[in-house]
J.: 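Okay, handing you the structure first.
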2 protein chains.
Amino acid sequence: MGRLNADDWARAALGALAEGGLRAVAVEAVAARLGVSKGSFYWHFANRRALVEAALRLWESDTEAVIAELERIADPTRRLRTLLEVALGEPTDAAVSFWLISGADDPAVADVARRVTDRRMGVMKDALRQLGQSEEEARARVVAGYGSYLGVAALIRIGAVDSVPATFADQALAEMGVPVEGFGAS
Amino acid sequence: MGRLNADDWARAALGALAEGGLRAVAVEAVAARLGVSKGSFYWHFANRRALVEAALRLWESDTEAVIAELERIADPTRRLRTLLEVALGEPTDAAVSFWLISGADDPAVADVARRVTDRRMGVMKDALRQLGQSEEEARARVVAGYGSYLGVAALIRIGAVDSVPATFADQALAEMGVPVEGFGAS
DNA sequence: GAAGAACCATACGCCACCGTATGGAAGAAT
DNA sequence: ATTCTTCCATACGGTGGCGTATGGTTCTTC
């Protein structure tokens, strides 16, 4: 692993965050993960808080990159489906979202969690509006849909659900009022 | 508040758990909440772990009591609706569920979280089956529905949603395939 | 190859929280 | 009123994690 820079630490911190939550973003723990002592850490960062914030920035920019890709898809139905498939194929992300929400007593954490959430839900809402739904309808369905995404990730975590059901994407689309063949609502 | 017994401590611990998570179930903190020093605590409990487990038992039995009430409602649609209204009217419960899932690295916590989750989802699934849904369909919809419950609570926590939408109960029922007047799916 | 900069290890002090030890106050029993 | 039990306060030791101090090693630059 050679010498390290601040980005290496931020990546490692984000990894620790995904696995064990904010509590796992501990100086010595991340240092061990990098095969290094904390003497190294305090060269690159002023304190633990700065490391957490770096990891948060990294996560937010990752999300922003995914959205930028998504917005190149013109068809809203296909955009939503791609969004779901990307999200479900990256179980790490739901875990991070989950941990950040549970660490929302820290204002900096809550801010990022909220910004990212708003951004994602905004993208979803726009797609539903493009499909002809009213503002209120779209908002309500996005809340339920994105909430379901977070909640199911939580259920998987405790083993109450083996894995995300195969029909989840279709089901989610149907529940958001998006016409899907073979899964007509009700 | 006079003298205290173990139940008083368990209740206070459950309150702290709902507000600040497992981390907040700290001996000195709960003692302060009761206006007492930790010298009292170690009279009633062997250690912090015992307190956490007492709070968990309390929560599980509270859940069990609600379910016992619910099962006296014969009509599955009304039973489901009552369940939703009770759940949404008790924002504390979703918070506890959330904290316990995020503390699932502790096996004892994970066990309770999982048992309670299974129990609740079982009740919901039974109702849907009574309404004629197949096993797989009912299961998938309960996962999405209960997941949505947990997720929306999380969204509220970070302020991404002001409060649970007024139509949430109707919406949830509709999404679970329960016929609801004025909210026909799609 | 010497000097400076970049990077890292070790050792220490500090604080929060857990658990223990010990004595004291309040209630019950006689 | 005294004794026993129940309940609680205070004081202390132990541990884990954060941050600092200080010195060492590797890379760069001239």
Side-chain angles (χ1 to χ4, degrees), chain A residues 1-58 96 99-100 102-110 112, chain B residues 1-58 99-100 102-109 112:
Chain A
M1 192 69 199
R3 318 278 289 277
L4 303 174
N5 58 31
D7 275 343
D8 295 325
W9 278 93
R11 275 283 164 215
L14 185 54
L17 173 61
E19 288 175 18
L22 282 165
R23 203 190 42 160
V25 185
V27 179
E28 275 110 337
V30 179
R33 168 186 287 251
L34 287 169
V36 142
S37 83
K38 64 182 190 170
S40 165
F41 171 77
Y42 285 99
W43 173 258
H44 300 285
F45 292 89
N47 48 34
R48 174 182 177 275
R49 176 163 203 81
L51 178 63
V52 171
E53 286 171 359
L56 293 179
R57 276 194 301 275
L58 205 56
V96 173
W99 288 125
L100 294 190
S102 72
D105 44 284
D106 180 337
V109 173
V112 173
Chain B
M1 193 67 197
R3 318 278 291 275
L4 302 174
N5 59 31
D7 275 343
D8 296 325
W9 278 92
R11 274 284 164 211
L14 185 54
L17 172 61
E19 288 176 18
L22 282 165
R23 203 191 42 161
V25 185
V27 179
E28 275 110 337
V30 180
R33 169 186 286 252
L34 288 170
V36 146
S37 83
K38 64 182 190 168
S40 164
F41 172 76
Y42 286 98
W43 172 258
H44 299 285
F45 292 89
N47 49 33
R48 173 182 179 277
R49 176 161 203 82
L51 177 63
V52 171
E53 286 170 0
L56 293 178
R57 276 195 302 274
L58 206 56
W99 287 125
L100 294 190
S102 71
D105 44 284
D106 179 336
V109 172
V112 173

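Chain identifiers are assigned alphabetically (A, B, ...) following the order of the sequence lines, protein sequences preceding nucleic acid strands; residue numbering begins at 1 within each chain.
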J.: Could you check which of D:dC27, D:dA11, D:dA9 has an atom nearest any side-chain atom of B:K38?
T.: D:dA11
J.: Would you indicate which nucleotide in D:dC8, D:dG17, D:dG19 comes nearest to any side-chain atom of B:L4?
T.: D:dC8
J.: Does a side-chain heavy-atom distance below 4.5 Å link A:W43 with A:L4?
T.: no
J.: Taking all heavy atoms of A:A13 and all of A:A55, pick out the closest pair and write down the distance.
T.: CB-CB, 4.0 Å
J.: Nearest whole angstrom, please: distance from the C1' of D:dT6 to the CZ of B:R3.
T.: 5 Å
J.: Show me the side-chain donor-acceptor pairs of residues 30-40 of chain A shorter than 3.5 Å, one per line, residues at least two apart or across chains.
T.:
residue: A:R33; atom: NH2; partner: A:E19; partner atom: OE1; Å: 3.0
residue: A:S37; atom: OG; partner: A:G39; partner atom: N; Å: 3.3
residue: A:K38; atom: NZ; partner: A:E28; partner atom: OE2; Å: 3.2

J.: Hey, is the main chain of A:L58 close enough, under 3.5 Å, to the side chain of A:R11 for a donor-acceptor pair?
T.: no
J.: Quick one: B:Y42 OH to D:dC12 P, roughly how many Å, whole number?
T.: 18 Å
J.: Let me know the distance between CD of A:E28 and C1' of D:dG16, rounded to the nearest Å.
T.: 8 Å
J.: Using the rule side chain to side chain contact (heavy atoms under 4.5 Å, CB included), only one of B:L100, B:L51, B:V25 pairs with B:L56; which is it?
T.: B:L100
J.: Would you say a side-chain N or O of B:H44 is under 4.0 Å from OP1 or OP2 of D:dT6?
T.: no
J.: Name the first nucleotide and the last nucleotide along DNA chain C (5' to 3') that come under 4.0 Å of a heavy atom in chain B.
T.: C:dC17 to C:dG27
J.: Can you measure A:W43 atom CH2 to D:dC27 atom P for me and round it to whole angstrom units?
T.: 16 Å
J.: Is the side chain of B:H44 donor-acceptor paired with the backbone N or O of B:D8 at a distance under 3.5 Å, no angle test?
T.: no
